[in-house]
Amino acid sequence: MKTLIAYATKRGATRDMAARIAGGLGGADIVDLDGPEAGRVDLSAYGTVVIGASTYAGSLRKSAVTWAKAREAELASKKVALFEIGSAKDALAVETALPGLCAVAVAVAKLGGEIRWKSLSLPERWIIKAIMKTEGDSSTIDDDAVEAFVETVRKASL
């Protein structure tokens with residue numbers, strides 16, 4: 001059966017990660033959970049569903065949580081994998097936001113994060129400078145974690 005990667009992003013890093021995961025899996029359908037097509041996804045065509053979202057201030061992007069919770073019963077019959085993108089090194093926000101899906105998921109991972117400085121508002125830049133003591137683009141994407149996540153999903157989908 002096919003694989004769907006459903007993602008929610010604010011600045012684009014999660015979209016880019018969804019494409020990277022799809023490539024590692026040898027292809028998958030991808031849907032933006034902040035776009036109009038999110039509500040029209042027919043999950044019956046998929047055996048595996050990967051859900052990814054960005055995190056801010058310890059919270060998973062709301063559109064991903066809302067979409068997943070509305071389909072939790074249907075997702076229970078699928079192989080589900082969950083990932084989040086965020087620069088903070090705190091606990092997995094997805095475990096708090098979607099505990100039922102995390103309990104049955106074949107993989108749950110924080111894959112690192114990216115700061116895309118030019119896409120931030122002035123208040124966001126101030127916050128990042130104050131909290132993270134940095135400015136400019138940066139990436140904490142963990143390539144080994146990404147590859148391990150992709151391999152786990154690939155094996156579970158066989």
field: Separation of L101 CG from E72 CD (nearest 0.5 Å)
entry: 4.5 Å
task: Indicate yes or no for a side-chain donor-acceptor contact from E84 to the backbone of L60 under 3.5 Å, with no hydrogens or angles considered.
output: no
task: Locate the shortest heavy-atom distance separating S63 from L33; write the atom from each residue and the value.
output: CB-O, 3.9 Å
query: If Ile, Leu, Val, Met, Phe, Trp and Tyr residues are connected whenever their side-chain heavy atoms lie under 4.5 Å apart, and connections chain through other members, are V106 and V150 in the same group?
result: no
field: salt bridge (Lys or Arg N to Asp or Glu O under 4.0 Å) against K10, all qualifying residues, sequence neighbours excluded
entry: E124
- request: Specify the closest pair of heavy atoms between P99 and T96, including all atoms of both residues, with the distance to one decimal.
  value: CD-O, 3.5 Å
task: Start with the C-alpha gap between V31 and I5, add the side-chain angles, then the distance that decides, and say whether side chain to side chain contact (heavy atoms under 4.5 Å, CB included) holds.
output: CA-CA 6 Å; V31 64; I5 301 175; over 6 Å; no
- request: With sequence neighbours left out, write down each residue that passes side chain to side chain contact (heavy atoms under 4.5 Å, CB included) with V108, or none if nothing qualifies.
  value: L82, L92, V94, C102, A105
query: Taking side chain as C-beta onward, heavy atoms only, is I141 less than 4.5 Å from V146?
result: yes
task: Specify the closest pair of heavy atoms between A93 and T55, including all atoms of both residues, with the distance to one decimal.
output: CB-CG2, 3.8 Å
task: For S157, enumerate each residue passing the side chain to side chain donor-acceptor pair (under 3.5 Å) test, keeping only those at least two apart in sequence or located in another chain.
output: T48
field: Closest heavy-atom pair and its distance - I85, A13
entry: CG2-CB, 4.1 Å
For A145, all residues meeting side chain to side chain contact (heavy atoms under 4.5 Å, CB included), sequence neighbours excluded: L111, D142
- prompt: Which residue pairs pass the salt bridge (charged side-chain N to carboxylate O under 4.0 Å, His left out) test when at least one of the two sits in residues 51-69, sequence neighbours left out?
  reply: D34-R61
- request: Scan for salt bridge (charged side-chain N to carboxylate O under 4.0 Å, His left out) pairs involving residues 149-158, sequence neighbours excluded, and state none if there are none.
  value: E151-R154, E151-K155
In residues 19-30, what donor-acceptor pairs under 3.5 Å come from side-chain atoms, sequence neighbours left out?
unit_1 : atom_1 : unit_2 : atom_2 : d
R20    : NH1    : D143   : OD1    : 3.0
R20    : NH2    : D143   : OD1    : 3.0
R20    : NH2    : E147   : OE2    : 3.4
D29    : OD2    : K2     : NZ     : 3.2
D29    : OD2    : Y46    : OH     : 2.6

message: For a quick test of reading the model, state the closest non-hydrogen atom pair linking L75 to A68 and the distance between them.
response: CD1-O, 3.8 Å
message: Using the rule that Ile, Leu, Val, Met, Phe, Trp and Tyr join whenever any side-chain heavy atoms are under 4.5 Å apart, tell me whether L43 and I51 fall into a single cluster.
response: yes
task: List in chain and number order the residues that pass ring-ring contact (aromatic ring centres under 6.0 Å, His included) with F149, two or more places apart in sequence or in another chain; answer none if no residue qualifies.
output: F83
- request: Mark yes or no for whether S77, through its side chain, and E74, through its backbone, hold a donor-acceptor pair below 3.5 Å.
  value: yes
message: Is there a path of hydrophobic side-chain contacts, each under 4.5 Å between heavy atoms of I/L/V/M/F/W/Y residues, joining W67 to V104?
response: no
message: Restricting to side chain to side chain donor-acceptor pair (under 3.5 Å), what partner residues turn up for K79, sequence neighbours left out?
response: none
message: Test of understanding: with side chain to side chain donor-acceptor pair (under 3.5 Å), list the residues that count as partners of D144, not counting sequence neighbours.
response: none
query: Roughly how far, to the nearest 0.5 Å, is the NZ atom of K110 from the CD atom of E95?
result: 9.5 Å
